[in-house]
Amino acid sequence: MARMALEGVRILDFTWVVAGPVATRILADQGAEVIKIERGDENTMSVLGPRRTGLQGELHRNKRSAAINMNHPRGVELARRLAALSDLVMDNFSARVMRGWGMDYQSLVKIKPDVICISMSGLGHTGPRCNYVSYGPTLHALAGFTHLMADARGEPAGYGYSYADMAGGYSGALAALIALWHRKRTGRGQFVDLSQFEALVSLAGPALLDISVNGRTQAPPQWRSQEAPAAPHGAYRCAPRGGDDDRWIVIAVRSQAEWERFARASGNPGWTAEPKFRTLYLRMRNREELDAQVVRWAASQQAEAAMALLRRAGVAAGVVLNGADLCVGDPHLAKRGFFAPVKLPGGGSTRLTGVPMRLSATPGSIRTAAPEVGEDNDYILGELLGLGRAERAELVTEGAVWG
Amino acid sequence: MSGRGALAGLRVLDLTDLKGHLCARLLADMGADVIKIEPPAGDSARRIGPFVDDRPHRDRSLFFWFYNLNKRSLTLDLGHPEGAAILRRLAEGADVIVESFKPGAMARMGLGWDVLHALNPALVLCSIAPFGQKGPYRGYEADDSVLTALSGMLYVNGFPDGAPVRPLGLQAYHSASYYAAIGTMCVLFARDSMGEGQWIDLSMQEATASAVEHVAAGFLGTGEIERRRGTLHWSRFFRVGRCRDGYVMHCTLCDWTSLIEWVNGDGKAQDLTAPEWEDVAKRRAGAEHLFDVLDEWVKDYARDELLERAQLLRLPYASVRNPEDLFDDEQLSSRGYFQEVEHPELGRTFRYPGAPYLFNGSPWRVTRRPPLLGEHTGEILGAELGMSAEELAALAAEGVI
């Protein structure tokens, strides 16, 4: 097996739902040993699907699981002993939970002076709303993201997914790596108070500066530019494929050269002679008229064929891929082997979304499927903590561990 | 040491355009010395609005400001042999180079991985490209909106009977930049034991596909194609409802008993008091009806009143707020979220969004405002690289700097 960048790093992982598991998944993909501490009596997250495939399979792959009862004093004692053997302790509870168990930074630093604790709570550990309960979609609402996600009628229209969980997960993984680097250089651990709300708010940067500097009220951008201005720019409906009429292509024409290539490639060289469309400024000002023309053109095209045509002409264009298009229909992703198979214990295999960064010498990988809750009790309690079989049985009888 | 930030002592050369600006910004915020290398005419993001007072100018772009806080600016024409030569000298003393050129462009400028790795074996090269460095589509153009289309993100955003709606906030660029920063830190961490840097191939399409939790995973797990559902979250536990004075985000992944007692107390529970709704799976399957009933319930409430009462019951409801509201948010202000940043050349101080995380031992910090174009060219090439005033003047005359 290739070497892994984070070989030798051990993470005690109390995270659940999505944001926290995204953070520890990223680190596990690069070789960190991630030990999940989970309840064995009820799996509330079974509403997200089965454990080894689909979303849960992606969130928990490459990890190990111990079913330890944190509401039992001996369960907490086991967790504290595991913390002493770990480099990082990560959670995404609201502020009071880890403190209640004596698993917060102030308590753990006494048994492991260089411990790093990353707490990814919804709204942070301090402040008047630190005990608010939240999920990704409710954070979108509080952060202004839902408001700015309106359709042409002005009605809130998205998101079907939860970018807040990703903002939280990515910043959690990055915080963990930065804290590890700092400890390597100084020998010192620390506590990171990560508010998922603040991690999300930070990503609205230019809009927030427009408010604070120019005092401008932000309107939902829809297809108005959020970066380099472009016109035409939008999602245009293409010809049906079989019985499926939900086929769209996104086209972004930025420079004058792109505009000329777009007009030629789409078989409409006359567009460039049209005075109303002569410059980017005019194309943006007369955008509705321009869009009407592009809508007519796109409706006559198969989405994939139009994309190929425009790409060859050097115009930014992409089919609005659905799940099947993405996972089986995209030749580029297939060639890169992005969606990767993993063996399932008990036979068979499943495919999972891969690792989106390839490190040349330590590429990162999907090595093991997600464990069922408590699947690694023997390794974690036996090998790591050195408990004998009889002792482990006693812990189960007492209710400190689910066996 | 701790006062200087966790990444103090690391030098990063930032060759990215707007696709990757956030990556080096994340490292700069934690103390890395980030040199933004711009073409002599300025980074293209300097021409992107909004601008201060709506007056377009290369040193007044708020878009550029946000992504380039805490960096220094050096102008250098990398297409010119002398510019590339200077970059190679800088690379000898750097820990990280982040770039977002078209695949192959670095090599054509004499700055390919082989050259850089031979010059400085410890160097980390992080290459951010729409489709990565390898594969049949690697040479194609794509911006943020095209990448959201090609990752499955756009397909699930909007109403089923309408066009896909573009997500807010450059989620493709941001996802790619975060993964790039994470990959860079992984390589730096491994470098201590391996002794060598690595080349990171970051595909923005892959990073964005990874940022949608249910599209690929849903298809790979069950073969189902997820579709647009308006504001209904794919999990079916969240949907936007209209209040008297705005909108709220409903949440039914919660203590159902508390929620339904409240709704029932208001006389609005209809059939939701039936025990079958206590089952989470039933709430998921019957989401449309459930939210229709709850919409009737919330319509006479003020959104913030509803939020406060829900949170007292520990129900994860939220009000749909305007981004302007964030500046009066007590939670953010009590945590010192917004940062005052002085721009002396404008004689003004501006309020910037702050840290995504609070480190108690090695703080996130604003150490310098975003750089003016080429502000640090003399300082870096003269004082740090030891070039003479005559050399610098000659380079400027040739348009290299």
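So you know, we letter chains A, B, ... as the sequences are listed, proteins then strands, and number each from 1.
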Original post:
Any cation-pi pair here, B:Arg335 with A:Phe197, using under 6.0 Å and within 45°?
Top reply: no
Original post:
Would you say the side chains of B:Gln198 and A:Thr362 form a donor-acceptor pair under 3.5 Å?
Top reply: yes
Original post:
Could you state the interatomic distance from OG1 (A:Thr138) to NE2 (B:His233), rounded to the nearest 0.5 Å?
Top reply: 10.5 Å
Original post:
Side chains of A:Leu180 and B:Phe189: does their closest heavy-atom pair fall under 4.5 Å?
Top reply: yes
Original post:
Can you list the steps and then say if A:Ile118 with B:Tyr357 is a side chain to side chain contact (heavy atoms under 4.5 Å, CB included)?
Top reply: CA-CA 9 Å; A:Ile118 314 266; B:Tyr357 27 52; over 6 Å; no
**OP:** With a 4.5 angstrom heavy-atom cut-off, could you sort out which part of B:Arg236 is near chain A: side chain, backbone, both or neither?
**Re:** neither
Original post:
Given a strict heavy-atom distance threshold of 4.5 Å, which part of B:Leu253 is in contact with chain A: side chain, backbone, both, or neither?
Top reply: both
Original post:
Backbone N or O of B:Phe51 within a donor-acceptor pair of the A:Asn214 side chain at under 3.5 Å?
Top reply: yes
Original post:
For chain A, which of B:Leu315, B:Leu170, B:Thr184, B:Asp325 has the most heavy-atom pairs under 4.5 Å?
Top reply: B:Leu170
Subject >> Which portion of B:Ser61 sits near chain A, non-hydrogen atoms under 4.5 angstrom >> reply: neither
Original post:
Can you find a pair of side-chain heavy atoms, one from B:Tyr179 and one from A:Ile26, that are under 4.5 Å apart?
Top reply: yes
Original post:
With distance as the sole test, does B:Glu213 use its side chain to make a donor-acceptor pair with the main-chain N or O of A:Ser162 at under 3.5 Å?
Top reply: yes
Original post:
Between A:Met149 and B:Val165, which heavy-atom pair has the shortest distance, and what is it?
Top reply: CE-CG1, 3.1 Å
Original post:
Is the count of non-hydrogen atoms from other residues, nucleotides or ligands lying under 6.0 Å from A:Lys335 atom NZ greater than 12?
Top reply: no
**OP:** For A:Asp165, check salt bridge (charged side-chain N to carboxylate O under 4.0 Å, His left out) against everything at least two apart and list the hits.
**Re:** none
**OP:** Report the distance from atom CD1 of B:Ile182 to atom CG of A:Asp29, rounding to the nearest 0.5 Å.
**Re:** 10.5 Å
Original post:
With no hydrogens and no angle check, is any side-chain donor or acceptor of A:Asp193 less than 3.5 Å from a backbone partner on B:Leu358?
Top reply: no
Original post:
Using non-hydrogen atoms only, which part of B:Cys186 is less than 4.5 Å away from chain A: side chain, backbone, both, or neither?
Top reply: both
Original post:
Counting only N and O atoms by type, is there a donor-acceptor contact under 3.5 Å from the side chain of B:Tyr337 to the main-chain atoms of A:Ser202?
Top reply: yes
Original post:
Tell me, side chain or backbone of B:Ala355 under 4.5 Å from chain A's heavy atoms, or both, or neither?
Top reply: backbone
**OP:** Please flag which part of B:Leu326 lies under 4.5 Å from any non-hydrogen atom of chain A: side chain, backbone, both or neither.
**Re:** side chain
Original post:
So A:Asp325 and B:Tyr155, side chain to side chain contact (heavy atoms under 4.5 Å, CB included) or not? Walk me through it.
Top reply: CA-CA 11 Å; A:Asp325 300 332; B:Tyr155 189 79; 6.0 Å; no
Original post:
With a 4.5 Å heavy-atom cut-off, do A:Pro128 and B:Ser334 have their side chains touching?
Top reply: yes
**OP:** Pick one of side chain, backbone, both or neither for B:Ser210, based on which atoms fall under 4.5 Å of a heavy atom in chain A.
**Re:** both
Original post:
Would a distance-only check, ignoring hydrogens and angles, find a side-chain to backbone donor-acceptor pair under 3.5 Å from A:Glu198 to B:Gly354?
Top reply: no
Subject >> Which portion of B:Phe66 sits near chain A, non-hydrogen atoms under 4.5 angstrom >> reply: both
Original post:
For the candidates B:Gly223, B:Ala149, B:Ala142, which exhibits the highest count of non-hydrogen atom pairs separated by less than 4.5 Å from chain A?
Top reply: B:Ala149
Subject >> B:Phe131 six-ring face occupied by A:Arg311 cation (under 6.0 Å, within 45°) >> reply: yes
**OP:** Could you tell me whether the side chain of B:Glu141 and the main chain of A:Gly314 form a donor-acceptor pair under 3.5 Å?
**Re:** no
**OP:** Please look at B:Gln133 and chain A and tell me whether the side chain, the backbone, both or neither of the residue comes under 4.5 angstrom of a heavy atom of that chain.
**Re:** backbone
**OP:** Using atom types as modelled and distance alone, determine if a side-chain donor or acceptor of B:Arg166 lies under 3.5 Å from a backbone N or O of A:Gly234.
**Re:** no
Original post:
What do you reckon, is CZ of B:Arg284 surrounded by more than 12 foreign heavy atoms closer than 6.0 Å?
Top reply: yes
Subject >> Residue pair B:Lys134 / A:Arg358, side-chain heavy-atom distance below 4.5 Å >> reply: no
**OP:** Measure B:Arg242 against the heavy atoms of chain A and call it side chain, backbone, both or neither at under 4.5 Å.
**Re:** side chain
Original post:
So, the side chain of B:Gln331 versus the backbone of A:Thr126: is there a donor-acceptor pair under 3.5 Å, distance only?
Top reply: yes
Subject >> Nearest-0.5 Å distance that lies between atom NE2 in B:His117 and atom OG in A:Ser360 >> reply: 8.0 Å
Original post:
If you measure from CG on A:Leu209 to CZ on B:Phe64, what distance do you get to the nearest 0.5 Å?
Top reply: 13.0 Å
Original post:
Which heavy atom of B:Phe63 sits nearest a heavy atom of A:Gln226, and at what distance?
Top reply: CE1-O, 3.4 Å
**OP:** Let me know if B:Tyr140 has heavy atoms under 4.5 Å from chain A in its side chain, its backbone, both or neither.
**Re:** side chain
Subject >> Residue selection (most heavy-atom pairs with chain A, distance under 4.5 Å) from B:Val248, B:Leu147, B:Asp53 >> reply: B:Asp53
**OP:** Please determine, among B:Leu10, B:Leu62, B:Leu27, the option with the most heavy-atom pairs under 4.5 Å with chain A.
**Re:** B:Leu62
Original post:
Once you round to the nearest 0.5 Å, how far does CG of A:Leu142 lie from CG of B:Asp329?
Top reply: 8.0 Å
**OP:** With a 4.5 Å cut-off on heavy-atom pairs, point out which of B:Met249, B:Met194, B:Glu324 contacts chain A the most.
**Re:** B:Glu324
Subject >> Close side-chain approach of A:Tyr170 and B:His174, heavy atoms under 4.5 Å >> reply: no
Original post:
Between B:Leu18, B:Asp54, B:Val212, which residue shows the highest count of heavy-atom pairs closer than 4.5 Å to chain A?
Top reply: B:Asp54
**OP:** Without swapping roles, check the side chain of B:Thr231 against the backbone of A:Pro156 for a donor-acceptor pair under 3.5 Å.
**Re:** no
Original post:
Which atoms form the tightest heavy-atom contact between B:Asn360 and A:Gln190, and what is the distance?
Top reply: OD1-CB, 3.1 Å
Original post:
How many angstroms lie between OG in B:Ser193 and CZ in A:Arg3, if you round to the nearest 0.5 Å?
Top reply: 5.0 Å
**OP:** Could you tell me which portion of B:Phe327 (side chain, backbone, both or neither) has an atom closer than 4.5 angstrom to a non-hydrogen atom of chain A?
**Re:** side chain
Original post:
Under 4.5 Å between any side-chain heavy atoms of B:Met30 and A:His182, yes or no?
Top reply: no
Subject >> Test: B:Asp201 and A:Arg336 ion pair at under 4.0 Å >> reply: yes
Original post:
Would you say the side chain of A:Arg216 lies within less than 4.5 Å of the side chain of B:Pro50, judging by non-hydrogen atoms?
Top reply: yes
**OP:** Check each atom of B:Leu232 against the heavy atoms of chain A and say whether the ones under 4.5 Å are side chain, backbone, both or neither.
**Re:** backbone
Original post:
Given a strict heavy-atom distance threshold of 4.5 Å, which part of B:Val156 is in contact with chain A: side chain, backbone, both, or neither?
Top reply: both
Original post:
When you measure from the side chain of B:Arg314 to the backbone N and O of A:Asn131, does any donor-acceptor pair fall under 3.5 Å?
Top reply: yes
**OP:** Measure the shortest side-chain to side-chain distance between B:Gln171 and A:Tyr161 over non-hydrogen atoms and say whether it is less than 4.5 angstrom.
**Re:** yes
